[in-house]
Structures are given as C-alpha cells and as structure tokens.
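Here is the naming used below: chain letters follow the sequence lines, and residue numbers restart at 1 for every chain.
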There are 2 protein chains.
Amino acid sequence: MDYVKAMARPFTHPAAPDISLDNVLHALSDPVRREIVRKLMGSDRMSCIQACAAHPPSTVSFHHKILREAGLIRSEKKGVEVINTLRRTEIDQRFPGLLDAVFRAPGTSHP
Amino acid sequence: MDYVKAMARPFTHPAAPDISLDNVLHALSDPVRREIVRKLMGSDRMSCIQACAAHPPSTVSFHHKILREAGLIRSEKKGVEVINTLRRTEIDQRFPGLLDAVFRAPGTSHP
DNA sequence: TACAATAGTTCAAGATTACTGAAGTTTAAG
DNA sequence: CTTAAACTTCAGTAATCTTGAACTATTGTA
C-alpha cells in the first residue's frame, strides 16, 4: 500500500441504508467521539483540529475515521483541512430519537 | 485468585447514579447483547441459557457480565441458574428515551 | 521557483480488550 | 455418593485502541 494512492483516495461514506446500529452505538460509546459529534451539532462545519485540539493528531484522525465509517459524519477535503459535517437528517431518519436521547443524557459534557 | 471465593462472591451491580453512558452504549453496541436485552424487555425474568442458547456458555456468561457491569441488567442466583432482569425504570430515568430509540431502530431483530 | 508551515493521514508497535475452549464450582436430583 | 445442569473462571489467541514517527498535499512566502 502506497502513501500517494492512500492520500489521493477520497473519503468513503456508507450510504444511509447501510448505516448499522452496531457501528453507530460503538462510535458513540467513546467520550471523545461523542464530544466531536456534540460540537458538530452546534456549528455545522468543523475541521478535525477544531473538533479536538487536546489530543494528538493521529488520535483525532482515528476517531474521525470511526465516526465517518459508522456513518455519523461526512468529511471532505477543503484545501489543507478536512471539513466535517454531521449526517443529522440521515441518522434521525434511520434511528429516530437516538441522537436526541444520547445527547440529552448525563455523561456528555455541556460546556 | 481462587475458584471458591470467586463463585461464592455475589454479583455486583452499579448504583443507578453510577451507570455510565460509555458503558451502556458500549454494551448495546453488540448484537448478541442487544438480543438479550430485547428478550428481557418482553419477559421480565430470564436465565442466561434462555437468553441465548445458540452461543457457548462462556460467551453467554461474558455478555451477561458486560450488561450487568454496565448497569443494564440485574442478576441473582436462584438455585442452579441465574435469573436476570432488565433495570428498565432506572435506565429510563437516567437516560430517557435511549432504550426506546435503540430498540425501535432497524438492526435489532424482531422475531 | 524553492522553502517552510499547516492540517491532516498512514504505519507500526505496544497496551488494552474481546472471544471462546477447557476446566472448575455449586446446587439439585436420582 | 454420583451425575447432571447451569453457570463462572482461567488462559491463550484474536481483534482494537492509542500514539509517536514518518509522510503527503495544499497554501503561503521569500
């Protein structure tokens, strides 16, 4: 596997019907990832570094990958940065009430 | 660590305020465990073997342990078997709408 | 045009966690 | 006392997580 090809490859996102509850719940079971999603619920476009500057870049990238492959966020390259958006309506259609319940719950910080 | 002491030790359950969203979401992210919970939503007392006879006993025990330590189920020994109950009202109070949303969602089988 | 800076990604390796076969325990029944 | 049923624990392997180091791609800047 080659760096050039790997970096040139655009992000892949699951189609809405392929978003699995397994992956969504797993993605949301991590507090760092919930924090990223919570921030995206407020401001709807955000680079990775805005999302969580406190962690090392490889960790941030890893968490975004999990969220992206679970179908929770959409990522696109915009110049040097990656802009992420929450796939809110798709998630709400497929799993009604789930995001609301998770982010209403205690255990997700509200600064 | 000794078998005798370990087996004699009763099950420990987290108190309601100590039930964490991390652990609950992680517990529910596995389809086998969701299946156990779903069955407990219907009939409110169930042994481990009733819950999932298809899997090896060590696996069933493992999944029940995860659910128990997450605070989703309560287990008590009744003779030779272990009876499990869903901590439904406690979970609903702490995380309103979460169980409903998860079990309304596609991805959890409804036989 | 070259050089450096920025914002990530990928890889690798150690650390943690998950799964399950084999062996053990406890209770109940014969 | 022996056997069976229903789990649990242990141990070893498999899969995931985390993060430093190296890399890429884009965007200034000299």
Asker: Is there a donor-acceptor contact under 3.5 Å from the side chain of R104(A) to the main chain of P96(B)?
Answerer: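 Yes; judged by distance alone, with no hydrogens or angles, the pair exists.
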Asker: Return the value, rounded to whole Å, for the distance between atom CG of L67(B) and atom P of dC7(D).
Answerer: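 Interatomic distance, CG of L67(B) to P of dC7(D): 14 Å.
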Asker: In whole angstrom, give the distance that lies between atom CD of E76(B) and atom C1' of dT27(C).
Answerer: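 Computing the E76(B):CD to dT27(C):C1' distance gives 16 Å.
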Asker: Any N/O pairs under 3.5 Å between the protein and nucleotides 11-18 of chain D? List them or say none.
Answerer:
{"unit_1": "dC17(D)", "atom_1": "OP1", "unit_2": "H26(A)", "atom_2": "NE2", "d": "2.9"}

Asker: What residues, two or more places apart in sequence or in another chain, satisfy side chain to side chain donor-acceptor pair (under 3.5 Å) together with R94(B)?
Answerer: none
Asker: Would you name the heavy atoms of N23(A) and A70(A) that are closest together and state the gap between them?
Answerer: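 The answer is O-CB, 3.6 Å.
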Asker: For E81(A) and dT27(D), what is the distance between atoms CD and P respectively, to the nearest whole Å?
Answerer: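 So the CD-P distance, E81(A) to dT27(D), works out to 10 Å.
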Asker: Which ILVMFWY residues can you reach from V80(B) by hopping between side chains whose heavy atoms are under 4.5 Å apart?
Answerer: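 Other cluster members: none.
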Asker: What is the separation between atom NE2 on H55(A) and atom P on dG8(C), rounded to the nearest whole Å?
Answerer: 15 Å
Asker: In whole angstrom, what separates H64(A)'s NE2 from dT10(C)'s C1'?
Answerer: 17 Å
Asker: In whole Å, I'd like the distance from the CD atom of E69(A) to the P atom of dT9(C).
Answerer: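 Answer to the nearest Å: 11 Å.
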Asker: Residues two or more places apart in sequence or in another chain: which of them pass salt bridge (Lys or Arg N to Asp or Glu O under 4.0 Å) with R33(A)?
Answerer: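 Here no residue qualifies.
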Asker: What nucleotide among dA6(D), dA25(D), dT9(C) has an atom nearest to a side-chain atom of V80(B)?
Answerer: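 Ranking dA6(D), dA25(D), dT9(C) by closest atom to the V80(B) side chain puts dA6(D) first.
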Asker: Please determine, for the side chain of P57(A), which listed nucleotide (dA6(D), dG8(C), dT8(D)) has the closest atom?
Answerer: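 Nearest to the side-chain atoms of P57(A), counting from C-beta on, is dG8(C).
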Asker: For dT9(C) and S61(A) - does any side-chain N or O of the residue sit under 4.0 Å from the phosphate oxygens OP1/OP2?
Answerer: yes
Asker: For P56(B), answer base if it contacts any base atom (sugar-phosphate contacts may also be present), sugar-phosphate if it contacts only those atoms, and nothing otherwise; contact means non-hydrogen atoms under 4.0 Å.
Answerer: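 Here P56(B) touches the backbone only, sparing every base.
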Asker: Can you check the I36(B) CD1 to dC7(D) P distance for me, whole Å?
Answerer: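 Value for this atom pair: 11 Å.
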Asker: Taking side chain to side chain donor-acceptor pair (under 3.5 Å) as the definition, give me every residue that meets it alongside R88(A), ordered by chain and number, with sequence neighbours left out.
Answerer: D92(A), D100(A)
Asker: Mind calculating the distance between CZ (R68(A)) and P (dT9(C)) to the nearest angstrom?
Answerer: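 Atom CZ in R68(A) sits about 6 Å away from atom P in dT9(C).
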Asker: Just to verify, what does A15(B) make a side chain to side chain contact (heavy atoms under 4.5 Å, CB included) with, not counting sequence neighbours?
Answerer: P17(B), D18(B)
